[in-house]
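Reckoned from all heavy atoms, side chains included, excluding hydrogens, waters and symmetry mates.
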Amino acid sequence: MDDSPGGRRARSAPARPLHGRVAVVTGAARGVGEALARSLTGAGMQVALLGREEATLLTAAESLPGRSMCVECDITDRTALADAARRVEKELGPASVVVANAGIAVSGPFDGTAAELWERVIDVNLTGSANTARAFLPQLTTTRGYFLQIASTAAFGAAPMMSAYCASKAGAESFALSLRGEVEPEGIQVGIAYLHWTGTDMLSGIDDDPVLEALRRNQPRPARRIHSAAQVAQWLTHGIARRSRHIYAPPWLRWCQPLRPLFPALVARTTRRELRTGGAMASRGEVLGVGGQADWDSYRASRPAPPSDQ
């Protein structure tokens, strides 16, 4: 402890608050999840990587410099997540940090998107986050830990052609806010991370989507910048170390919070011309990114085959 100028003795924060603790990151096979697992390992944490792509997940885990493990599981499967939580506690110890990062997205008109695909986005992004919290809350209670919900600026202002993604991210934000009030008395802290344009495979081909391209083109120049997954992971790691209630990636997004009531009207005005052309509305809903496609393919493969007419 150091003596302050006023004569009081102030307790100094630990130099490495995450060192030696256990973190769980969902959706860790690639993108922000993989980058965050790497960043947390660099901060001295032992990391459990959860995801759908077993081979990619294993490669990511083996490339980390610190102690890690990986578990292939579907976060919409509560039984699989409960098994994963038991494995993490047995092999690494109880989790002090749990990051609900797994997410997929679909681009296309609502009535042009298969109902099952639309529902899958909600199941992964919203229900999967709740399942993750449910599976690891006993461990977080033991460690008086930190749960981080990865949200998005999609929760600020819903974009046309992204109804499932925007609805799921707004729902995930509300879920985290509700959970925060329930678990704070137990010593668990809940944070929400708002990510903007991030250079993952989900964002590949953005310029081919007329609505998303228009949204980005009409934003102020600093807001158009696409940040690397590694940079976003550094911002997240800093917030996790501080057990922040809100993490913004990039940090200037915090100044957008008071303006949120204006965003829906601004988004509608920006995208009106592209929607009037009719080309975008005639398209079909498509999964964005390699990771999202892998989840959708695995999900369909696990479904029972339709009954034969014979």
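Contact of the Ile75 side chain with the Asn131 side chain is not registered, since no non-hydrogen atoms from C-beta on lie closer than 4.5 Å. Counting only heavy atoms from C-beta outward, the side chains of Leu81 and Thr132 approach each other to under 4.5 Å. Between Met161 and Pro109, some side-chain heavy-atom pair lies under the 4.5 Å cut-off. The closest side-chain heavy-atom distance from Ile122 to Ser168 is below 4.5 Å. By the 4.5 Å heavy-atom criterion applied to side chains, Arg38 and Ser63 are counted as neighbours. Side-chain contact between Leu236 and Leu195 is present, with at least one heavy-atom pair separated by less than 4.5 Å. Looking at Ile240 and Val99, their side chains come closer than 4.5 Å, going by heavy atoms from C-beta outward. Taking 4.5 Å as the limit, some side-chain heavy atom of Leu137 sits within range of a side-chain heavy atom of Leu179.
Across all non-hydrogen atoms, the minimal contact from Leu57 to Gly51 is CD2-N, 3.6 Å. Across all non-hydrogen atoms, the minimal contact from Ala29 to Glu53 is CB-OE2, 4.0 Å. Taking both residues in full, the closest heavy atoms of Trp118 and Ser163 are given as NE1-OG, 2.8 Å, listed atom of the first, atom of the second, then distance. Taking all atoms of both residues into account, the shortest heavy-atom contact from Tyr146 to Val190 is CE1-C, 4.3 Å. Minimum heavy-atom separation, Val24 to Val88: CG2-CG1, 4.0 Å. Pairing each heavy atom of Thr237 with each of Ala43, the nearest pair is CG2-CB, 4.3 Å.
Under a hydrophobic clustering in which Ile, Leu, Val, Met, Phe, Trp and Tyr are joined whenever their side-chain heavy atoms come within less than 4.5 Å, directly or via other members, Val106 and Trp296 fall into the same cluster. In the hydrophobic clustering of this structure, Leu148 groups with Val97; members are Ile, Leu, Val, Met, Phe, Trp, Tyr whose side-chain heavy atoms approach within less than 4.5 Å, directly or through other members. Under the 4.5 Å side-chain heavy-atom criterion for Ile, Leu, Val, Met, Phe, Trp and Tyr, Val98 and Phe175 are members of the same hydrophobic cluster.
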Pair Arg120-Glu116, salt bridge (Lys or Arg N to Asp or Glu O under 4.0 Å): steps then yes or no: CA-CA 6 Å; Arg120 181 63 184 171; Glu116 192 174 23; over 6 Å; no
Verdict with reasoning, Arg52 to Asp77, per salt bridge (Lys or Arg N to Asp or Glu O under 4.0 Å): CA-CA 12 Å; Arg52 290 304 302 270; Asp77 184 338; over 6 Å; no
Criterion side chain to side chain contact (heavy atoms under 4.5 Å, CB included) on Thr142 and Glu89, from CA distance to verdict: CA-CA 11 Å; Thr142 299; Glu89 186 166 24; 5.6 Å; no
Side chain to side chain contact (heavy atoms under 4.5 Å, CB included) evaluation trace for Ile104 with Val121: CA-CA 6 Å; Ile104 61 174; Val121 176; 4.1 Å; yes
Intermediate values then yes/no, side chain to side chain contact (heavy atoms under 4.5 Å, CB included), Leu36 and Asn101: CA-CA 10 Å; Leu36 179 57; Asn101 166 75; 5.7 Å; no
Worked verdict on Val32 versus Ile150 for side chain to side chain contact (heavy atoms under 4.5 Å, CB included): CA-CA 10 Å; Val32 170; Ile150 301 297; 5.6 Å; no
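Distance alone, capped at 3.5 Å, places no donor-acceptor pair between the Glu173 side chain and the Ile192 backbone. Checked by atom type and distance alone, the side chain of Ser68 pairs as donor or acceptor with a backbone atom of Ala61 at under 3.5 Å. Judged purely by atom type and a 3.5 angstrom limit, Ser129 uses its side chain to pair as donor or acceptor with the backbone of Asn125.
Considering CD of Gln189 and CG of Leu140, their distance stands at 11.5 Å, rounded to 0.5 Å. Between Ser302 atom OG and Asp297 atom CG the span is 11.0 Å, to the nearest 0.5 Å. A distance of 5.5 Å separates CG of Leu177 from CZ of Arg180, quoted to the nearest 0.5 Å. Expressed to the nearest 0.5 Å, how far OG1 of Thr153 lies from CZ of Arg260 amounts to 10.0 Å. Here CZ of Arg67 is found 12.0 Å from OG1 of Thr41. Values are rounded to the nearest 0.5 Å. Between Gln293 atom CD and Ser298 atom OG the span is 10.0 Å, to the nearest 0.5 Å.
Between the side chains of Glu186 and Thr141, no donor-acceptor pair is found at a separation under 3.5 Å.
Counted within 6.0 Å of CD on Glu54, heavy atoms from surrounding residues, nucleotides or ligands total 12 or fewer; the atom is thus considered open. Crowding of Arg21 atom CZ: a count of heavy atoms from other residues, nucleotides or ligands under 6.0 Å not exceeding 12. Heavy-atom contacts from other residues, nucleotides or ligands closer than 6.0 Å to CZ of Arg134 number 12 or fewer.
Every ring-ring contact (aromatic ring centres under 6.0 Å, His included) that Tyr194 has, sequence neighbours left out, goes to Phe156, Tyr248.
Applying the salt bridge (charged side-chain N to carboxylate O under 4.0 Å, His left out) test to residues at least two apart or on different chains, the pairs with a partner in residues 239-257 are Glu184-Arg245.
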